[in-house]
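Worksheet: the structure to be examined is printed underneath.
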Amino acid sequence: MLKFVIFSSVLIAFASSIELTFELPDNANQCFYEDLKKDVDTVFEFQVVTGGHYDVDLIIEDPNGKTLYKDTKKQYDSINFKAEVEGTYKACFSNEFSTFSHKIVYMDWQFGDQNALHAAVTQGAHAMTQLENYAVAIGDKLRTIDDYQTHHRLREATGRKRAEELNERVMIWSLGQSAVVVFIGIGQVFLLKSFFNDKRTRY
């Protein structure tokens, strides 16, 4: 049992991540910073959940100001890179091109070797025990499950928002159509009533 706890701690130590969902107002620019060591593998994923045309600008820079990634009006993307220098890396989201639309953006910044635990437990002359194998397999499956749940949750949120917007448009259109029918009905009543009015000519 002690070995299982130790390996679970090692699993968390080798790979870390920042997972965040935030609001990006219109005409706004928001940056996030992370200190990375040299030669650390990094995966940066983002997705616009709601707002406007579901697009946002993103730029990622290293501590020296070198641009590692830059793209405009993207709904989602996954960026893989290795930290060439040690220092503070910056990821900036921009919604400056949008005048009215607020955006809800999801980001997942993973850094560290996801497979380092395999190398750690296989070092040396001893073979992995059954418990060590189970710990590694459970860690891998938990990461996979977490990724699947996150992506399904984002798809569900995006689909729900679009369904709500569609429902609102249908309701407004239906109210407009109902108002037109009522006005036409009232107009027809007054028109028919005018046909049967007894108009007497005065001399």
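Being a predicted model, the structure only gives us computed values, none of them experimental.
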message = For D77, give me all partners under side-chain hydrogen bond (donor to acceptor under 3.5 Å, both in side chains), at least two apart in sequence or on another chain.
response = Y69

key: Nearest-0.5 Å distance, CD of residue E23 to OG1 of residue T50   = 8.0 Å

inquiry  = Working to the nearest 0.5 angstrom, can you tell me the gap between L68 CG and K82 NZ?
reply    = 14.0 Å

query = Below 4.5 Å, heavy atoms only, C-beta onward: do I18 and F32 meet side chain to side chain?
reply = no

ask   = With sequence neighbours excluded, what pairs up with F46 under the ring-ring contact (aromatic ring centres under 6.0 Å, His included) test?
value = F93

key: Pairwise distance CD(E45) to CD(Q110) - rounded to 0.5 angstrom   = 6.0 Å

key: By side-chain contact (heavy atoms from CB on, under 4.5 Å) - contacts of L191 (at least two apart)   = S194, F195

key: Under 3.5 Å donor-acceptor, N64 side chain and K66 backbone   = no

Results of side-chain hydrogen bond (donor to acceptor under 3.5 Å, both in side chains) for Q75 - residues two or more places apart only = none

key: Spatial distance of atom OG (S94) from atom CG (L58) [nearest 0.5 Å]   = 10.0 Å

Shortest non-hydrogen separation from G52 to S101 and the atoms involved = CA-OG, 3.5 Å

inquiry  = Once disulfide bond (SG atoms under 2.5 Å apart) is applied, what residue pairs with a partner in residues 64-108 remain, sequence neighbours excluded?
reply    = C31-C92

message = Using the rule given for side-chain contact (heavy atoms from CB on, under 4.5 Å), can you reason through H152 versus E156, listing the C-alpha separation, both sets of side-chain angles and the distance that settles it, and then say yes or no?
response = CA-CA 6 Å; H152 283 298; E156 189 272 335; over 6 Å; no

ask   = Is the backbone N or O of P25 less than 3.5 Å from a side-chain atom of N95, with the two atoms forming a donor-acceptor pair by type?
value = yes

ask   = Got a sec, which residues hit side-chain hydrogen bond (donor to acceptor under 3.5 Å, both in side chains) with D26, two or more places apart in sequence or on another chain?
value = H102

inquiry  = If the condition is side-chain contact (heavy atoms from CB on, under 4.5 Å), which residues does D35 pass it with, not counting sequence neighbours?
reply    = T88

query = D55 pairs by salt bridge (Lys or Arg N to Asp or Glu O under 4.0 Å) with which of K74, K73, K103?
reply = K103

T144: partners by side-chain contact (heavy atoms from CB on, under 4.5 Å), with sequence neighbours left out = Y148

query = Say you draw a straight line from CG of L142 to CG of D146; how long is it, rounded to the nearest 0.5 Å?
reply = 8.5 Å

query = Does R153 make a cation-pi contact with Y106 (under 6.0 Å, within 45 degrees of the axis)?
reply = no

query = Linking I/L/V/M/F/W/Y whenever any side-chain heavy atoms sit under 4.5 Å apart, do V48 and M107 land together?
reply = yes

Contacts of type side-chain contact (heavy atoms from CB on, under 4.5 Å), residue T42, not counting sequence neighbours = L36, V40, F81, W109, F111

inquiry  = Using the side-chain hydrogen bond (donor to acceptor under 3.5 Å, both in side chains) criterion, which residues pair with D71? Sequence neighbours excluded.
reply    = none

remark   = Residues joined to I186 in its hydrophobic cluster, side chain to side chain under 4.5 Å directly or through other members, sorted by chain and number, are V182, F190

query = CD of E34: more than 12 outside heavy atoms within 6.0 angstrom?
reply = yes

inquiry  = Can you pull out every side-chain hydrogen bond (donor to acceptor under 3.5 Å, both in side chains) where at least one residue sits in residues 163-190? Sequence neighbours excluded, please.
reply    = none

ask   = In Å and rounded to the nearest 0.5 Å, what is the CG to CZ distance from N80 to F44?
value = 12.0 Å

query = For the hydrophobic clusters of this structure (ILVMFWY residues joined by side-chain heavy atoms under 4.5 Å, transitively), does one cluster hold both F22 and I60?
reply = yes

query = Taking all non-hydrogen atoms of both residues, which atom of S78 and which atom of V43 are closest, and how far apart?
reply = OG-CG1, 4.0 Å

note = E84 and Y89 have their tightest heavy-atom pair at N-OH, 3.4 Å

key: D57 side-chain N/O to E96 backbone N/O, donor-acceptor pair under 3.5 Å   = no

